[in-house]
Amino acid sequence: MVQAISTSSCCNILFSKSHRSTSPHSLHRFNHYSPSFAHRISTGVQRKAVELPLPETVTQQVQNKEQRKTQFALENLTSWLLKQELAGNIDAELTVVLSSISLACKQIASLLQRSSIINLTGGQGTINVQGEDQKKLDVISNELFCNCLRSSGRTGIIASEEEDTPVAVEETYSGNYIVVFDPIDGSANIDTALTTGSIFGIYGPDEQCLIDLDDTSTLDQAREKCIINVCQPGRNLLVAGYCLYSSSVVFTISLGKGVFAFTLDPTYGEFVLTHENIKIPESGKIYSFNEGNYDLWDDKLKNYLDHLRQPGSNGKPYSGRYIGCLVGEIHRMLLRGGIYGNPKNKNSKNGNLRLLYECAPMSFLIEQAGGTAIDGVQRILDIVPEQVHQRTPIFIGSPDEVQKLQNYLA
């Protein structure tokens, strides 16, 4: 509500919306206040608008409207990446690379949801470099990742768990970043519609190792050694992340400054920020080991697991959970705490998981969230890879739980 008020220093006159003309007689009554007062009224009084307080009910309505606006002010992955770019945490080229990876993850999520309908379950009939039977979606997802990364124009070398050797991107589309990834982690779960995921890590260019390649070239053994020099220990990762395909599709990422998770909204097809600056609990009551290999492990590790199965001070033992998908294990651990282990055994002296594609990116994420990742002796991120498909044992999780394990292994 706004009303007009006189600015005269002599008096304040409150005017209504309709004003009657001022008569000479009324002017004569006010002459004793100021010689010029009658002239100011006859020629038009200077007025200004004064805002009066709104009724309480109107104020409440405005506040409620602002609260509703805040509830719907969602932040998607694209806008978050642009903010990180403006803050100087990443450059424009890395933003493009990450956007291309998120697009590949959306495509893979769509295929997984329809895999039984469009006949994408079962094996491909081929074996990868690790001697593992490839699923149909292993091959398709690998192609999706490679195509999205090539088309970004910002990647120089692509190293996939499903490829025999790293692949150099054609010069036309070549960029500087090196991307390592596992397109489908836990692919054995596809046919039963259980949890799967994708894992990726991004390294910066190495000026000491630049190769000129034609359009069809791959890296031979000498050039493979070069990619090892480029893909330094995990501590040199610029970015690491994973995409979880389960009841929700969750894209989790770290740029080296905390861990953030984005959930795919199927209505809009956008990854929306749902978990900001994730911190892993200091301890947890869940352990995840494939205990089918129990008899193949050394005695120190057996003693540790026997301890976990004993009732604690609260009368309850640890809970055993094993999904068969590293992405699922790490995602649960980030939110609930605990420990995951994939140790060496009598049949696998170096463990089962790949250092470049799985262990290093996941260790980077866990450490950014305040956790710990070791191979039983040293920090995973300090291991220098000697082969592209090198394997390593891994124990990863809440810091207190990993410390307890180290006490048993010492």
Side-chain angles (χ1 to χ4, degrees), residues 199 201 233-237 240 242 252 254 256-259 261 275 277-291 293-294 296-323 325-345 348-355 358-385 390-410:
I199 307 171
R235 63 175 178 265
N236 288 355
L237 278 164
Y242 64 78
T252 305
S254 175
K257 295 185 177 181
V259 180
H275 300 78
N277 199 22
I278 299 172
K279 295 297 180 184
I280 189 172
E282 292 291 322
S283 61
K285 289 297 182 180
I286 298 175
Y287 74 97
S288 180
F289 287 73
N290 182 0
E291 294 188 80
N293 294 322
Y294 180 87
L296 302 176
W297 295 331
D298 62 38
D299 292 337
K300 291 181 179 180
L301 183 58
K302 289 180 182 179
N303 292 336
Y304 168 72
L305 291 170
D306 292 341
H307 163 73
L308 297 185
R309 289 196 290 260
Q310 297 299 317
S313 57
N314 61 354
K316 297 180 180 180
Y318 278 62
S319 296
R321 300 283 187 273
Y322 189 73
I323 300 173
C325 170
L326 181 61
V327 171
E329 309 285 5
I330 296 300
H331 186 73
R332 182 190 61 231
M333 196 182 308
L334 280 171
L335 302 179
R336 296 289 181 264
I339 185 169
Y340 168 83
N342 195 313
K344 64 182 180 181
N345 59 57
S348 301
K349 299 296 184 181
N350 296 318
N352 297 305
L353 298 180
R354 266 66 60 172
L355 175 61
E358 297 169 311
C359 295
M362 289 306 201
S363 299
F364 184 85
L365 282 169
I366 286 293
E367 289 200 4
Q368 284 296 313
T372 306
I374 61 172
D375 68 350
V377 178
Q378 62 180 322
R379 180 174 172 241
I380 291 290
L381 295 183
D382 288 336
I383 300 175
V384 180
Q390 179 176 329
R391 297 174 187 258
T392 180
I394 185 171
F395 302 97
I396 185 170
S398 298
D400 290 352
E401 302 305 326
V402 176
Q403 182 60 53
K404 183 184 296 183
L405 168 70
Q406 286 180 292
N407 295 339
Y408 274 86
L409 297 181

Residues two or more places apart in sequence or in another chain: which of them pass side chain to side chain donor-acceptor pair (under 3.5 Å) with [X]?
{"X": "E367", "answer": "R379"}
{"X": "K300", "answer": "none"}
{"X": "N345", "answer": "none"}
{"X": "T252", "answer": "Y242"}

Heavy atoms, side chains only, cut-off 4.5 Å: are [X] and [Y] in contact?
{"X": "S288", "Y": "I323", "result": "no"}
{"X": "K257", "Y": "N277", "result": "no"}
{"X": "I394", "Y": "Y340", "result": "yes"}
{"X": "I199", "Y": "M362", "result": "yes"}

Kindly compute the distance separating [atom1] ([X]) from [atom2] ([Y]), expressed to the nearest 0.5 Å.
{"X": "F395", "Y": "F289", "atom1": "CZ", "atom2": "CZ", "result": "5.5 Å"}
{"X": "I380", "Y": "F364", "atom1": "CD1", "atom2": "CZ", "result": "15.0 Å"}
{"X": "Q390", "Y": "I383", "atom1": "CD", "atom2": "CD1", "result": "7.0 Å"}
{"X": "H307", "Y": "Y408", "atom1": "NE2", "atom2": "OH", "result": "4.0 Å"}
{"X": "C359", "Y": "N352", "atom1": "SG", "atom2": "CG", "result": "10.0 Å"}
{"X": "R332", "Y": "I286", "atom1": "CZ", "atom2": "CD1", "result": "5.5 Å"}

Nearest non-hydrogen partners of [X] and [Y], listed with the distance:
{"X": "G234", "Y": "A360", "answer": "CA-CB, 4.1 Å"}
{"X": "P399", "Y": "E282", "answer": "CG-OE1, 3.3 Å"}
{"X": "G351", "Y": "R391", "answer": "O-CD, 3.6 Å"}
{"X": "P281", "Y": "L334", "answer": "CD-O, 3.7 Å"}
{"X": "N290", "Y": "W297", "answer": "O-CH2, 3.1 Å"}
{"X": "V384", "Y": "P233", "answer": "CG2-CG, 3.7 Å"}

Is it the case that the side chain of [X] and the backbone of [Y] share a donor-acceptor pair, with hydrogens and angles ignored and the cut-off at 3.5 Å?
{"X": "S254", "Y": "A240", "result": "no"}
{"X": "E358", "Y": "R354", "result": "yes"}
{"X": "D298", "Y": "L301", "result": "yes"}
{"X": "S283", "Y": "E401", "result": "no"}

(message) Under the side-chain contact (heavy atoms from CB on, under 4.5 Å) test against I396, which residue among I374, D375, I339, I366 passes?
(response) I366
(request) Please name all residues satisfying ring pair (Phe, Tyr, Trp, His ring centres under 6.0 Å) with Y318, sequence neighbours left out, ordered by chain then number. (result) none
(message) By the salt bridge (charged side-chain N to carboxylate O under 4.0 Å, His left out) test, which pairs, at least two apart or in different chains, include something from residues 301-313?
(response) E291-R309, D306-R309
